[in-house]
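See below for the structure under consideration.
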Amino acid sequence: MDMNSHSLIAAIKELVGDANVMDAPSDMEPYLIDWRKRHSGKAACVVFPRTTEQVSKVLAFCNENAVKVFPQGGNTSVCGGSVPDHDGQSVLLNMRKMNRIIELNPRNNSMAVEAGCVLADIQAAALEVDRLFPLTLGAEGSCQIGGNIATNAGGTNVLRFGNTRDLILGIEVVLADGRIWNGLRSLRKNNSGYDLKNLFVGSEGTLGVVTAATLKLFPRPHAIATAMLGVETVSAAVDEGLKLQAAFPGELVGLELISQSEFDISLRHAENARNPFQTTPNWTILVELAAATGTSESLAGRLSEALNDSFNHGVVQDAVIALNEQQRADLWSIRHHVTEANGREGMGLTHDIAVPTYRIPDFVELAGRALAEHYPAAVPVVVGHMGDGNLHYIAMFSHAYWASVEDKAGVQLKLSHLLYDIAAGMGGTFSAEHGIGSLHVSEMSVYKDAAEIALMREFKQLLDPKDTMNPGRVLPKVAAAVSGH
Ligand SMILES: Cc1cc2nc3c(=O)[nH]c(=O)nc-3n(C[C@H](O)[C@H](O)[C@H](O)COP(=O)(O)OP(=O)(O)OC[C@H]3O[C@@H](n4cnc5c(N)ncnc54)[C@H](O)[C@@H]3O)c2cc1C
């Protein structure tokens, strides 16, 4: 059945109520462009379901009528995953009205939430009962847990607590045809068949809509020590990171790397940012330790002691340890403001690569050489989750230079493949934590194994044979996959 926008909107209003459907172009505008204002799309309407049953009704209707559905969380995707395509006939399904905490159970160290809960609100709710929900990322004030699950988000605590995948005990999903799978368990062990939960985590809304999840909580840390260390080379940073991992097993939660170029950009553009160093080091390591017991002072003291040796040998050239919560926030603020600051600085082409951690220095060296040779106008800017081998390697062009580039898409594609080839040569990936979205679909056929893509396609065919769920995301078109290598 072919459906025009008018009858589609009328039918959806009938299903979920007028108040939960937006169709005026000016109202819809903010939902049709992503947070960084790099990707935009069109939709017949934006739907804000309030219950799992409403999601089910909308999906069943759309499936029946071959209407495309684009799920949206906090719209913070950095790879064009959160906005619809351009044909304007689709439904954008925004989850923000499903933001209830269903059950907070400190005695089970678990919390069941609806998918539209904002990550920062979940963190705060856990703290109120003296627990920690450890997923932490720069977008936490806007991104939703459903989006985090759909992208298997990483962030700055992965070293200690794992990716989102590791923090989920159960999920509830509405399938493309409207069927509801309630897998909202709160068990830590359950070997009763295939692990369907993990099929949906990281599937970026292409297999169904996550409507709720049960999250793992941890004891709230009562001691936290945060420091910034200045080192001369990336090699020294990686070695120092390994020493810290050995010295603080179970306590080292974050190990971030920031290049001098990135540090200075953040200082230039982030509000109230102050340089904790006299001079910005070549490379900065941001370290965070957390312990359930003891005091922050004693933990900071142990950190300082552990750094002595590296300091005396000139490996760590400068160090700042936060002495209070404000100083800690100031250090993190430099790290958390990089995305915003980069946007103000120029046109940064970001590459979310991962390599085995010991290859980080080689990657930075080879990528820097490749940029200097082929794109001398680009400044290499590096920030990343060093402990996970995950770097956001950014080729930064001035706004003026970028405006003068005629074939922007061509430059972007060639430049990224230059860097992705280097990562692939080290057994690395072109997408560590941000996902594929619409931006990296073409890379899937270049860098993923053809058999792996074929298998993914079979899952998609099984769960969404009409391809109504987030079409054009994650999986390349069939012809591209066949010719991929
Ligand atoms: C400043 C900044 C810092 C960031 N830092 C990190 C970081 O450190 N680590 C990291 O991994 N990412 C990071 N990101 C990327 C982004 O925040 C994450 O990918 C986040 O998980 C997306 O959540 P969201 O709710 O905004 O989802 P959206 O951006 O709205 O959507 C992302 C994808 O998930 C799908 N989706 C959303 N909700 C659902 C649902 N309920 N069911 C099914 N599919 C759904 C969408 O269709 C889309 O494909 C950062 C982004 C910004 C802007």
Side-chain angles (χ1 to χ4, degrees), residues 31-39 41 46 49 52 55 59 68-85 90-99 113-120 122 135-158 163-165 171-176 200-213 254 256 266 270 335-343 350 352 354 383-385 388 390-392 431-441 464 469-474:
Y31 299 93
L32 297 173
I33 185 156
D34 70 336
W35 186 88
R36 289 194 307 169
K37 311 231 177 307
R38 294 224 181 145
H39 302 272
V46 188
T52 300
V55 174
L59 262 54
K68 295 182 275 187
V69 179
F70 292 92
Q72 184 179 65
N75 199 9
T76 66
S77 165
V78 286
C79 54
S82 56
V83 289
D85 64 13
S90 58
V91 165
L92 180 60
L93 190 85
N94 182 293
M95 297 299 287
R96 79 172 160 79
K97 286 190 182 172
M98 288 186 63
N99 61 355
V113 295
E114 289 185 333
C117 285
V118 170
L119 175 57
I122 292 173
L135 183 64
T136 302
L137 46 139
E140 63 200 22
S142 308
C143 64
Q144 299 172 3
I145 193 67
N148 302 144
I149 293 169
T151 57
N152 184 27
T156 54
N157 283 348
V158 171
N163 294 290
T164 301
R165 188 183 298 290
I171 54 171
E172 180 186 74
V173 179
V174 178
L175 302 177
F200 292 99
V201 178
S203 65
E204 298 185 41
T206 59
L207 303 179
V209 174
V210 178
T211 43
E256 301 283 301
S266 188
R335 168 66 185 91
H336 280 322
H337 279 101
V338 295
T339 311
E340 237 171 304
N342 287 343
T350 303
D352 171 37
V383 59
H385 313 300
D388 316 326
N390 174 198
L391 297 184
H392 303 314
S431 176
E433 63 172 7
H434 292 160
I436 304 302
S438 56
L439 186 63
H440 300 304
V441 171
D464 182 20
M469 287 304 311
N470 238 356
R473 311 296 147 96
V474 181

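Both counts, for ligands and for their atoms, begin at 1 and track the order of listing.
Residue T339 has no nitrogen or oxygen atom sitting less than 3.5 Å from a nitrogen or oxygen atom of ligand 1, judged on distance alone. For a threshold of 3.5 Å applied to N or O pairs, the pair formed by Q72 and ligand 1 contains no separation below that value. Considering both main-chain and side-chain atoms, P71 comes within under 3.5 Å of ligand 1 through a nitrogen or oxygen pair. The shortest N or O to N or O distance between T136 and ligand 1 is not below 3.5 Å. Between A139 and ligand 1, no pair of N/O atoms sits closer than 3.5 Å. Where the criterion is an N or O separation shorter than 3.5 Å, residue side chain and backbone included, T76 meets it with respect to ligand 1. On a distance-only criterion, W35 and ligand 1 share no N/O pair closer than 3.5 Å. The shortest N or O to N or O distance between C143 and ligand 1 is not below 3.5 Å. At a 3.5 angstrom cut-off on N or O pairs, M95 does not count as close to ligand 1. On a distance-only criterion, G73 and ligand 1 share at least one N/O pair closer than 3.5 Å.
Within the structure, the closest approach of G437 to ligand 1 does not fall below 4.0 Å when heavy atoms are considered. Residue contacts with ligand 1 include G208, since one or more of its heavy atoms lies under 4.0 Å from the ligand. Ligand 1 lies less than 4.0 angstrom from a heavy atom belonging to H385. The closest approach between R473 and ligand 1 stays at or above 4.0 Å for every heavy atom of the residue.
Looking at atom 11 (O) of ligand 1, its nearest protein heavy atom turns out to be G154 N, 2.8 Å. Considering only non-hydrogen protein atoms, atom 27 (O) of ligand 1 sits nearest to G147 CA, 3.5 Å. Counting protein heavy atoms only, atom 33 (C) of ligand 1 is closest to T151 CG2, 3.7 Å. For atom 42 (N) of ligand 1, the nearest non-hydrogen atom of the protein is V210 N, 2.9 Å. Nearest to atom 20 (C) of ligand 1 among the protein's heavy atoms is N148 ND2, 3.6 Å. Among all non-hydrogen protein atoms, the one lying nearest atom 49 (O) of ligand 1 is G81 O, 3.1 Å. Atom 36 (N) of ligand 1 has its closest protein heavy atom at A150 CB, 3.6 Å. Nearest to atom 12 (N) of ligand 1 among the protein's heavy atoms is H434 CD2, 3.5 Å.
Which parts of ligand 1 touch V209 is read off a 4.0 Å heavy-atom cut-off, strictly below it: atoms 42 (N), 43 (C). Shown in contact with S82 at under 4.0 Å from a heavy atom are these atoms of ligand 1, numbered in order with element: 28 (P), 29 (O), 30 (O), 31 (O).
Nearest approach of G155 to E433, heavy atoms of both residues: N-OE1, 2.9 Å. Counting all heavy atoms, side chain and backbone alike, R473 lies closest to D85 at NH2-N, 3.5 Å. For the residue pair P84 and L32, the shortest heavy atom distance occurs at CG-CD2, 3.7 Å.
Here atom 24 (P) of ligand 1 lies nearest to G74 when heavy atoms of G384, G74, G141 are compared. Comparing E433, R335, M469 against atom 9 (N) of ligand 1, the shortest heavy-atom distance belongs to E433. In the candidate list N152, V118, L137, L137 is nearest to atom 13 (C) of ligand 1, counting heavy atoms.
In this structure the side chain of E256 reaches within 4.5 angstrom of the side chain of H385, judged on heavy atoms.
Using modelled atom types, one finds a donor on one side chain and an acceptor on the other under 3.5 Å when comparing S82 with N75.
The aromatic rings of H434 and H392 lie parallel to each other, with less than 30° between the two planes, well short of the 60° mark.
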